[in-house]
2 protein chains.
Amino acid sequence: MGPTASDGSGPRHAQTRDREVTVPAILAAAEIEFATHGFSAARTESIAARANVVKGMIFHYFQSKEGLFEAVLERAYQPFNEALDKSLDKNLSATDALLTFVERLLAAMAEKPLSPAIFMLESIQGRGEHFRRLGMFPLYIRIEALLKRGIAAGEFRKMDPRHGAINIVGLCGFYFCAANNLSHLPGRSRNPLNKQSLARHAAEVIAFVRKGTAASI
Amino acid sequence: MGPTASDGSGPRHAQTRDREVTVPAILAAAEIEFATHGFSAARTESIAARANVVKGMIFHYFQSKEGLFEAVLERAYQPFNEALDKSLDKNLSATDALLTFVERLLAAMAEKPLSPAIFMLESIQGRGEHFRRLGMFPLYIRIEALLKRGIAAGEFRKMDPRHGAINIVGLCGFYFCAANNLSHLPGRSRNPLNKQSLARHAAEVIAFVRKGTAASI
DNA sequence: GTCTATACGAGGATAGAC
DNA sequence: GTCTATCCTCGTATAGAC
């Protein structure tokens, strides 16, 4: 924490010589960079600049750009994973379990609004290795199982559970990936990622999922 | 069309000296490259190789990588635009108009399965200029208007029409962007982009939209 | 119109001083 | 542990021959 005065002329100087500070700073900066540019187009130089460290630090702590990327992915997926685990709360009806899960997933995304874009980019550009390695299957598989259960119980309408799961994940995540464009739509254009907009998004998605999956009367 | 025998040693030779062939070939190759890598990470060399032309041709016909990208975007958006125009067929009920539009949008995407990824990447990485320049506003605005009309008429449930429009576009497009990952899900894993899967996706989305927007009874 | 050769810059990665 | 300097590859773009 020694407040070494930056000398102003050269680039920044050791504001802290401490991995407890440097590593999280790099991860946070990398998250932003990878979320907007994807892996290949991301620049280690930009990450270093944003983290206020020198480029070499990235390779010192993460060996390679790829290593840093994987660390970022892992970090971004954790909240999703937790949302998933918490929603195993068994004896809920399929409907309640699904809506609870969606609510938690949306909360996790709201907390880390860049995560959906990171995974979207990884899906489009990657070849599925990270998807596998991170154990992202459950995200779809468990929703699918939940849907299957609810359909059998007559709570949900008949549908293909696999596609149902995909559609639900898409409803939650698409908004965050499109936020950049959405902010340019005419009309009352408040930032799509501010608290108010996110709350609205969550409410709308939950309603859409509830109505869209419910059994016909 | 002169079948100049490729001499095998040097790189490919003028299979045709004709912009009628070269330009579309470049555009098709560029579409694939930009859809998987985005703008910055796309390589003109890869595009040229895939199109079976020399790199210089890209700059000859499109001046710059950016110029090529814009041409690809424009080309990819056309089918969406047409789907939109055709669904103005006035005197339909809001419900029928919406479902018809969704059906056409899905058909347009199925025909050009890379388009959603291109626009997704442009949304995440771009700063909205292309979104504006291509006139992509109507895609959301008109659905929004349609929803508003249907809500007023009591056909649709109460909802925020802007978010409703976003959710519907998301339901249609997310699947295509996630296809890469989806193909790695366990279970009966046929290619998410083959005819059968796409037909299933379309049916599921249409059902989801119909149920999800319908007024409660 | 098509191809080859090359200028020029950007960026990932490493070596080694402090 | 941190920083500077540097190497080397890759990629856009252009000039000019055919």
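Residue numbers start from 1 in every chain, and the chains themselves are labelled A, B, ... in the order their sequence lines are given, proteins ahead of strands.
Residue pairs that meet the ring pair (Phe, Tyr, Trp, His ring centres under 6.0 Å) test with at least one member in residues 176-202 of chain A, sequence neighbours left out, are A:Y175-A:H201, A:F176-A:H201. Applying the salt bridge (charged side-chain N to carboxylate O under 4.0 Å, His left out) definition to pairs two or more places apart or across chains, those involving residues 116-129 of chain B are B:R127-B:E129. Every pair passing salt bridge (charged side-chain N to carboxylate O under 4.0 Å, His left out) that includes a residue from residues 132-141 of chain A is listed here, sequence neighbours excluded: A:E70-A:R133, A:E74-A:R133. Applying the salt bridge (charged side-chain N to carboxylate O under 4.0 Å, His left out) test to every pair with at least one member in residues 105-121 of chain A, sequence neighbours left out, gives these pairs: A:E31-A:K112. Within the structure, salt bridge (charged side-chain N to carboxylate O under 4.0 Å, His left out) pairs that include any residue of residues 194-209 of chain B comprise A:D160-B:R200, B:R200-B:E204 (at least two apart or interchain).
Under 4.0 angstrom from either OP1 or OP2 of C:dT2 there lies at least one side-chain N or O belonging to B:T22. In this structure, A:H60 reaches the D:dG1 phosphate: one of its side-chain N or O atoms is under 4.0 Å from OP1 or OP2.
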Tabulate atom names and distances for all N/O pairs under 3.5 angstrom spanning the protein and nucleotides 7-12 of chain D.
residue: D:dG11; atom: OP1; partner: B:R43; partner atom: NE; Å: 3.1
residue: D:dT12; atom: OP1; partner: B:A42; partner atom: O; Å: 3.1
residue: D:dT12; atom: OP1; partner: B:T44; partner atom: N; Å: 3.2
residue: D:dT12; atom: OP1; partner: B:K65; partner atom: NZ; Å: 3.4
residue: D:dT12; atom: OP2; partner: B:T44; partner atom: N; Å: 3.1
residue: D:dT12; atom: OP2; partner: B:T44; partner atom: OG1; Å: 2.2

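Atom CD1 of B:I47 is separated from atom C1' of D:dA13 by 14 Å (rounded to the nearest Å). Between the CZ atom of B:F69 and the P atom of D:dA13 there is a distance of 14 Å, given to the nearest Å. In this structure, A:Y61 places its OH atom 6 Å from C1' of D:dG1, rounding to the nearest Å. A straight line from CD of A:Q63 to P of C:dG12 spans 16 Å, rounded to a whole angstrom. At whole-Å resolution of the value, CD1 in B:I26 and P in C:dC3 are 10 Å apart. Between the CD1 atom of B:I58 and the C1' atom of C:dG1 there is a distance of 16 Å, given to the nearest Å.
Residue contacts shown for A:F62 are absent, as no nucleic acid heavy atom lies under 4.0 Å away.
Residues from residues 27-38 of chain A placing a heavy atom under 4.0 Å of any atom in DNA chain D do not occur.
Under a 4.0 Å N-O distance rule, the pair A:R142/A:D85 qualifies as a salt bridge.
A distance below 6.0 Å separates the ring centres of A:F137 and A:F131.
Take A:H130 and apply the ring pair (Phe, Tyr, Trp, His ring centres under 6.0 Å) test, not counting sequence neighbours, and it matches A:F69. A:K55 pairs by the salt bridge (charged side-chain N to carboxylate O under 4.0 Å, His left out) definition with A:E45, not counting sequence neighbours.
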